[in-house]
Participant: 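One structure is given below, represented as structure tokens, and several questions about it will come after.
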Amino acid sequence: MLSVADHDFMARALLLARRGLNTTTPNPRVGCVIVKDGRVIGEGWHRRTGEAHAEVLALRAAGARARGATAYVTLEPCSHHGRTPPCADALIEAGMARVVAALRDPNPQVAGSGLSTLAAAGIATECGLMEAEASELNLGFLSRVTRGRPWVRLKLAASLDGKTALGNGASQWITGAAARRDGHRWRARACAILSGIGTVRADDPQFNVRGVSTGRQPLKVVVDARLELPPGARVLAEGQALIACAGEDGAKADALKRRGAELLCLPDGAGRVDLAALMAELGRRGINELHVEGGSRLNGALLDAGLADEILLYLAPCLIGSVARGMFDLPELASLDGARRLSIHDLRRVGDDVRVLARFPRSGE
């Protein structure tokens with residue numbers, strides 16, 4: 001029977017896991033709390049790939065006191081050798097009496113074997129405490145492991161009449177400074193930022209994280225079917241750029257490669273980039289969360305392909321007119337029955353603007 005104290009200690013483990021929000025990719029965000037006689041004796045969270053896992057750090061802090069204690073961990077302890085030894089073995093060697101996990105690890109290399117290894121060693125195990133919260137923290141990791149592609153977030157800034165730019169393309173700035181700072185926090189947690197050639201040519205963005213403490217920058221991905229990206233574009237300035245194209249023109253490709261860009265040719269047979277194949281390739285490369293800052297064409301194409309998971313929308317208290325540019329390039333509907341329905345996951349004010357996080361229903365919902 002799980003107690004109020006169990007919930008409190010798991011809540012603490014989840015808070016610890018959030019400290020790795022911007023750094024753990026491609027690994028999951030995991031926290032661990034070790035408790036004995038009602039007192040915390042060790043804590044840890046996974047900081048970045050290749051470094052010690054949360055359980056190991058918590059065990060180091062607890063030392064010999066861990067024998068007979070309870071470990072609260074936000075994800076099932078691993079049972080396989082990767083960059084680090086199995087955490088399940090470390091918990092057994094420390095003499096833990098009980099392990100409570102929030103979420104079963106869907107990774108085929110684990111998938112229940114961590115908990116079963118602990119149980120076989122005589123350790124009491126429980127799983128599912130605050131599962132929804134742990135899943136939310138690792139929605140990108142779970143998406144990549146179970147679906148083979150990242151969690152795709154479309155970020156938009158628009159006026160109250162749903163426009164993202166004037167008819168002439170001017171869009172800086174529709175939203176206020178607070179919303180823009182908040183947008184960088186979402187960039188920081190993402191593994192990659194995706195945009196289309198239209199947005200890159202019009203705005204010449206850097207697509208990096210600014211004003212947020214982070215030890216890494218997301219991979220920059222540009223959908224550019226005909227390799228129209230200028231070699232002097234700022235998106236190429238800091239390296240780590242991937243250009244998804246439909247065909248490689250020799251001279252254009254060479255110019256981009258000299259700037260350090262990697263080209264990925266993924267034609268769809270109609271002269272465009274195969275977006276589903278791109279998502280699969282990003283998943284193969286360990287991209288958990290994909291942050292999209294594109295125009296209406298790319299946003300519409302991702303929706304049409306069923307590849308968008310949620311919309312992060314900043315709404316500014318202004319109106320900019322019917323001839324301004326919209327958020328999505330989608331075919332006209334003959335009936336409202338064809339409307340794409342979403343659920344509001346979060347709604348809050350950010351400075352003078354309103355931030356809406358809305359999600360598309362997943363298959364089976």
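Remember, it's a predicted structure, so these values are computed and weren't measured experimentally. Below, each value reflects all heavy atoms present in this structure, side chains not excepted, and no hydrogens, waters or symmetry copies. In this chain, residues are counted from 1 in sequence order.
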Participant: Counting only N and O atoms by type, is there a donor-acceptor contact under 3.5 Å from the side chain of H7 to the main-chain atoms of F9?
Facilitator: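 No, because the side chain of H7 does not come within donor-acceptor range (under 3.5 Å) of the backbone of F9.
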
Participant: Any donor-acceptor pair under 3.5 Å linking the side chain of R104 with the backbone of P106?
Facilitator: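 Answer holds: no.
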
Participant: Okay, side chain of S195, backbone of T199: is any donor-acceptor separation there less than 3.5 Å?
Facilitator: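 It does not hold such a pair.
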
Participant: If I compare all heavy atoms of P267 with all of A246, which pair ends up nearest, and what's the gap?
Facilitator: CB-O, 3.4 Å

Participant: Should R355 and D346 count as an ion pair when the cut-off is N to O under 4.0 Å?
Facilitator: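 Yes, charged N to carboxylate O under 4.0 Å.
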
Participant: Calculate, to the nearest 0.5 Å, the distance between atoms CG and CE belonging to L2 and M10 respectively.
Facilitator: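 Going from CG on L2 over to CE on M10, the span is 8.5 Å.
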
Participant: Show your reasoning for whether side-chain contact (heavy atoms from CB on, under 4.5 Å) applies to H53 and C78.
Facilitator: CA-CA 9 Å; H53 288 189; C78 62; 3.8 Å; yes

Participant: Starting at CG of N288, measure out to CG of N27 and round the result to the nearest 0.5 Å.
Facilitator: 8.5 Å

Participant: May I ask you to decide if S296's main-chain N or O and D329's side chain share a donor-acceptor pair within less than 3.5 Å?
Facilitator: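 Not a single qualifying donor-acceptor pair exists.
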
Participant: Verify, without hydrogens or angle tests, whether N299 (side chain) and M327 (backbone) share a donor-acceptor contact under 3.5 angstrom.
Facilitator: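 Checking the backbone N and O of M327 against the side chain of N299, a donor-acceptor pair under 3.5 Å is found.
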
Participant: According to a hydrophobic-cluster definition based on side-chain heavy atoms being under 4.5 Å apart (Ile, Leu, Val, Met, Phe, Trp, Tyr only), do F207 and V209 belong together?
Facilitator: no

Participant: Could you tell me the separation between the CZ atom of R149 and the CE atom of M279, rounded to the nearest 0.5 Å?
Facilitator: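 Nearest 0.5 Å value for the CZ-CE distance: 8.0 Å.
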
Participant: Side-chain contact test, heavy atoms from C-beta onward, threshold under 4.5 Å: evaluate it for T24 versus F141 and give yes or no.
Facilitator: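 They are not in contact (no side-chain heavy atoms under 4.5 Å apart), so the answer is no.
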
Participant: Before giving the answer on side-chain contact (heavy atoms from CB on, under 4.5 Å), spell out for E262 and K257 the whole-Å C-alpha distance, their side-chain angles and the decisive distance to 0.1 Å.
Facilitator: CA-CA 6 Å; E262 179 186 356; K257 289 175 182 176; over 6 Å; no

Participant: Any salt bridge between R29 and E289, counting N to O under 4.0 Å?
Facilitator: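 So R29 pairs with E289 through a salt bridge.
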
Participant: My understanding is that only one of L290, L282, T25 makes a side chain to side chain contact (heavy atoms under 4.5 Å, CB included) with C191; could you say which?
Facilitator: T25

Participant: Between H291 (side chain only) and I193 (backbone N and O only), is there a donor and an acceptor less than 3.5 Å apart?
Facilitator: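 Judged by distance alone, no pair lies under 3.5 Å.
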
Participant: Would you mind listing every salt bridge (charged side-chain N to carboxylate O under 4.0 Å, His left out) that reaches into residues 91-103, with sequence neighbours excluded?
Facilitator: D6-R98, R98-E126

Participant: Is the terminal nitrogen or CZ of R180 (NZ for Lys, CZ for Arg) located under 6.0 angstrom from the six-membered ring centre of W173 and within 45° of that ring's axis?
Facilitator: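 Judged by the rule (NZ or CZ under 6.0 Å from the ring centre, within 45° of its axis), R180 counts as positioned above W173.
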
Participant: Hey, is R359 close enough to E136 for a salt bridge, meaning N to O under 4.0 Å?
Facilitator: yes

Participant: Does V152 belong to the same Ile/Leu/Val/Met/Phe/Trp/Tyr cluster as L330, with side-chain heavy atoms less than 4.5 Å apart forming each link?
Facilitator: yes

Participant: Could you please spell out the steps behind the side chain to side chain donor-acceptor pair (under 3.5 Å) verdict for N22 and R189?
Facilitator: CA-CA 4 Å; N22 300 342; R189 66 176 284 169; over 6 Å; no

Participant: So, using salt bridge (Lys or Arg N to Asp or Glu O under 4.0 Å) as the criterion, who are the partners of R67 when residues are at least two apart?
Facilitator: none

Participant: Please confirm whether the backbone N or O of T70 pairs with a side-chain atom of K36, one donor and one acceptor, at under 3.5 Å?
Facilitator: no

Participant: Using a strict threshold of under 4.0 Å (side-chain N to carboxylate O), is an ion pair present between R234 and D203?
Facilitator: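 Salt bridge: no.
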
Participant: Output yes when a side-chain donor or acceptor of S143 lies under 3.5 Å from a complementary backbone atom of L139, and no otherwise.
Facilitator: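 Flag not set: sc S143 to bb L139 has no pair under 3.5 Å.
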
Participant: Does L15 offer a backbone N or O that forms a donor-acceptor pair with the side chain of R18 under 3.5 Å?
Facilitator: no

Participant: Main chain of V235, side chain of K220: is a donor-acceptor contact present, judged purely on distance under 3.5 Å?
Facilitator: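 Here the side-chain-to-backbone pair exists.
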
Participant: Under the side chain to side chain contact (heavy atoms under 4.5 Å, CB included) test against E281, which residue among I287, L264, D274, V221 passes?
Facilitator: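 Going through the options one by one, the only one that passes is L264.
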
